[in-house]
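Worksheet for the structure shown next.
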Amino acid sequence: MSPFLVIILVLLVGYKIYKSISTLPNTPPCIFFVEGLFWQEQRRFVLRHMRDFGFGRRQEKFETIAMEEIAILIDMLKEGPINDKEKTILKSGSARFPDILYPYVANTIWYIMFGEKFDRSEYHKLRYFCESAMMFQRALDTTGGALSQFWFLKYFGNMFGYKNIMLGTYRMVDFIKEHLDKRKYSDNEDDKGLIDRYLKVLNGNAKGKSFSEKQLIMILVDIMFPASSAVPSALLHTIKLIMHHPEVIKNIREEIDKVVGTGRLITWQDRKNLPYIEATIRESLRYETLTPFSVLHKAIKRTTLSGFDVAKDTIVITNLDGLNTDVDLWGDPHNFRPERFLTEDGKLRKDLTFSFGFGRRVCMGETFTRYNMFGIIAVLMQNFNFSFIEDEPNSLKDKMPGLIVSPKEMWIRVEPRYT
């Protein structure tokens, strides 16, 4: 076939796919990529009120909710599926990752947003949201990719990820909007989650210029999509790294059995007494930087950096992976060695990683992520043995690019440590 005919076919296919998605509405504004007073007002409001419900702050009620979800996860892995939908991610003695982790992560962040959570019988709805978030993540690129350079490439459908970007976005938007509408048109005056606080602003007289229902929906998407895709990805990276290093599993188990034992589940309160597990999570986040080039930033004014002039509006890309694998800083960065975060007497050293970025626009979900990763990893290591299944993507190189580096979906054999 001549090159000319190939070009014609590509254009025809791209046009057909474009027509199938051209009815999607315009993308609402995104808090990730705004600045100035708008960003300050929205971020300040969101963080202040989310903290009241347990986001980035220790809160007994939220931790109880998180432990309830962990207990359900343990039951799923021990007892197996209770309905047909769970059979797609649970089999006798094995589970599909990260899918099995989706409900826990999504339900905990959903509780902070809405003040309620999904029942286990509805977990498939949470998996749908997480799958949509993962679709969006994998269709994008931290540097913008070809789509940011050549706008017309969106007409080629999914060849450059455009269809999945739009599909993933609006599946999440529609999901959130459905539940927001139920709350918005109800008569209750509850103060259960972030959306109740935001709706009170919309219904009051002191509404700020940046507040709108459209903005609320995008805030919910902006917060929930990284939590629902990045946290499960980070958890699976950690699980795989631990499985590839039996000596790490041995050290984790010895610490758990010595400090907590098997008579109860590990809680967030135990975090300060389990430094080796914390060091393992830090090492995993360093070893596998989820966002190697962070998120694009922009210089909002002219400045100087290390002797270089940086003009106003310059796009700034931070090489987080380079920082996390710097030989001068880490010595042997390509070895998975949790001990690098521990002193000789077993206490935690200062964390010099930049897995969540740094500065004023550091990821606001860092504390939420670290606590939830500890809770899941510690309890899973306490209660189960993990082993690879042949012909599954078991290698540490089996991962997908995108906004984040996500491990490929895989089945893992899971067996209770104690019967």
Side-chain angles (χ1 to χ4, degrees), residues 28-66 105-117 133 172-173 176 179-180 183 190-204 206-231 234 268 271 285 290-291 294-298 300 318 320 351 353-375 403-404:
C30 176
I31 196 174
F32 279 179
F33 301 109
V34 294
E35 61 199 42
L37 293 177
F38 184 101
W39 172 76
Q40 291 176 14
E41 184 176 42
Q42 290 296 308
R43 182 182 170 99
R44 187 179 297 118
F45 180 91
V46 167
L47 276 178
R48 183 173 75 246
H49 294 290
M50 284 174 61
R51 284 172 179 151
D52 289 344
F53 302 107
F55 186 84
R57 176 186 291 174
R58 296 290 303 279
Q59 190 208 59
E60 185 177 351
K61 185 176 180 180
F62 175 68
E63 290 178 32
T64 299
I65 294 293
V105 177
N107 233 2
T108 51
I109 192 67
W110 187 267
Y111 173 80
I112 290 172
M113 300 294 104
F114 283 81
E116 57 192 24
K117 61 191 185 80
M172 290 187 288
V173 167
I176 287 172
H179 292 275
L180 179 61
R183 182 69 63 86
D190 288 338
D191 185 34
K192 299 189 296 184
L194 173 67
I195 64 165
D196 294 318
R197 302 277 178 91
Y198 205 101
L199 288 173
K200 286 178 181 177
V201 174
L202 295 183
N203 296 329
K207 183 166 58 177
K209 291 182 180 179
S210 66
F211 286 77
S212 68
E213 183 180 330
K214 196 175 184 181
Q215 183 60 33
L216 171 58
I217 293 171
M218 202 60 235
I219 285 172
L220 296 173
V221 173
D222 282 353
I223 294 170
M224 288 192 62
F225 97 78
S228 301
S229 54
V231 177
W268 289 4
R271 187 182 178 200
L285 292 170
L290 276 186
T291 53
S294 186
V295 178
L296 292 181
H297 289 72
K298 184 178 75 173
I300 59 175
T318 309
L320 294 184
D351 189 352
T353 58
F354 298 98
S355 301
F356 296 86
F358 51 91
R360 291 181 64 206
R361 298 195 69 141
V362 66
C363 175
M364 62 183 182
E366 179 174 1
T367 302
F368 173 87
T369 299
R370 289 187 184 276
Y371 266 104
N372 278 279
M373 285 190 69
F374 169 82
L403 273 180
I404 62 172

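Everything numeric in this text was worked out from a predicted model, so none of it was measured.
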State, to 0.1 Å, how close [X] and [Y] come at their nearest heavy-atom pair, and which atoms those are.
X	Y	answer
L290	A230	CD1-O, 3.4 Å
A227	F368	CB-CE2, 4.4 Å
G357	L320	N-CD1, 4.0 Å

For [X], check side chain to side chain donor-acceptor pair (under 3.5 Å) against everything at least two apart and list the hits.
X	result
R58	E63, Q269
R271	E278
Y198	Q42
T291	none

Inter-residue atom distance [X].[atom1] - [Y].[atom2], 0.5 Å rounding:
X	Y	atom1	atom2	value
L220	L194	CG	CG	6.5 Å
E366	T369	CD	OG1	8.0 Å
L202	L199	CG	CG	6.0 Å

Main-chain N/O of F114 paired with R183 side-chain donor or acceptor, under 3.5 Å: yes

Step by step, work out the side-chain contact (heavy atoms from CB on, under 4.5 Å) result for F354 and T318. CA-CA 10 Å; F354 298 98; T318 309; over 6 Å; no

Please evaluate residues L216 and L180 with respect to the criterion side-chain contact (heavy atoms from CB on, under 4.5 Å), reporting the C-alpha separation (whole Å), side-chain torsions for both, the decisive distance (0.1 Å), and the verdict. CA-CA 9 Å; L216 171 58; L180 179 61; 3.8 Å; yes

Name all residues meeting the side-chain contact (heavy atoms from CB on, under 4.5 Å) criterion together with [X]; count only those two or more places apart in sequence or in a different chain, and write none if there are none.
X	value
A133	M172, F225, S228, S229
Q59	K61, F62
T64	E60, E68

Not counting sequence neighbours, which residues clear salt bridge (charged side-chain N to carboxylate O under 4.0 Å, His left out) with E213? List them please. K184

Any side-chain heavy atom of [X] sitting closer than 4.5 Å to one from [Y]?
X	Y	answer
N372	T108	yes
I176	M113	no
D351	R370	yes

Got a list of side-chain donor-acceptor pairs under 3.5 Å for residues 46-56, not counting sequence neighbours?
residue: H49; atom: ND1; partner: R197; partner atom: NH1; Å: 2.7
residue: D52; atom: OD2; partner: R197; partner atom: NH1; Å: 2.9

Set of residues satisfying ring pair (Phe, Tyr, Trp, His ring centres under 6.0 Å) with respect to F356, sequence neighbours excluded: none

Go through W110 and E116 one step at a time and tell me if the side-chain contact (heavy atoms from CB on, under 4.5 Å) criterion holds. CA-CA 7 Å; W110 187 267; E116 57 192 24; 4.1 Å; yes

